[in-house]
Amino acid sequence: MSGRLRAAPGLDLDFVRFGDGGGPAVTVLGGVHGDEMEGVLAAYRVADLLASTPVRGTVTVLPRANPPALAAGTRHGDGDANLARLFPGDPGGGLSERIAHTIATALIDPCDLLIDLHSAGRRYRMPPMCGFGAGRTLGGRPLLDAARATPFPYLWAHASVAPGRSVSHADALGKPWAYFESGGGGALREADIDLYAQGVLRLLEVAGAAEPVSFAGPPPARQVVVTGGDGNTDTGVLFGSAGVFVSSVAAGDTVAAGQTIGAVYDDGGQCAEVVRADASGVVMMLRHDLRVTPGEVAAIIAGEDGRAA
Ligand SMILES: [Zn+2]
């Protein structure tokens, strides 16, 4: 069935629901950020797949979680508000706070698993990955086991999560949660959308919410588990200079602490700053959009978990 949530006058959130209303209940969000179309398209693809898949629980898919931001094609929505910093929202606040409140109360509070589909957006690049709450369980087993069932080559185990995200609200309620990232740079790749759709279906399978679905192609040869950080993309290696950024590594590369990951050049072509890794680990986010200003994030590097890898 399809349904509609009214977040504010003239602002509706359209969802699709599969199953009989029983548990386990899973919520899938796309489009929390308006320049991350991978999650939107993947959510529609998941809905198409579920239309022909036996669902044992209740799966609710909201492909376009942030209509104002999606309409503008920008990361942030109404009033330059970042929806992923406003959960659990406020019914008396601005449009974005009302959207957060509506999603939190109608789709996160009642769910047993939250999956939030993001991507690197226009300004960044990220390797395909599944981030998840390291201390949470799904189907009686560590959530890491469920993440391993997805086709993502990178898995990011978060011991804590910064406040305000959809997954922060789920985490505060003690629920298991996962988010996906990939791609970015303002372009879409079919392979990323395929990974998302397969990843969601695998998590639904582990949660006991849907029957297994077979996909073409082999599973990833190796999965790298990284730890550290709370998933806050507003912090990391920061630029100290204005200019254009030239990267010397790629998202997903393994780097050593102090290694050069790029440089900022001024308008006279002179190197204004050498940007270095602040730790050893995997480059999980890397600036793509070329013109940078001081204080913006150049990269996020997460340590590889030798025990879990
Ligand atoms: Zn996002």
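Only heavy atoms go into these numbers, but all of them, side chains included; no hydrogens, no water, no symmetry mates. Counting starts at 1 for both ligands and their atoms, in listed order.
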Requested in this report: Mark yes or no: Arg165 above the aromatic ring of Tyr179, with NZ or CZ under 6.0 Å from the six-membered ring centre and no more than 45 degrees from the axis.
Outcome: yes
Report task. Measure from NZ or CZ of Arg287 to the centre of the six-membered ring of Tyr124, then state whether that distance is under 6.0 Å and the direction lies within 45° of the axis. Result -> yes
Query raised in the report: More than 12 non-hydrogen atoms from neighbouring residues, nucleotides or ligands closer than 6.0 Å to CZ on Arg122, yes or no?
Result: no
Requested in this report: Return yes if a side-chain donor-acceptor contact under 3.5 Å exists between Asn66 and His76, otherwise no.
Outcome: no
Query - Backbone or side-chain N/O/S of Glu181 under 2.8 Å of the Zn ion (ligand 1) - result: no
Query raised in the report: How is the N/O/S atom of His33 that comes nearest to the Zn ion (ligand 1) named?
Result: ND1
Query raised in the report: When you measure from the Zn ion (ligand 1) to each N, O or S atom of His118, which atom gives the shortest distance?
Result: ND1
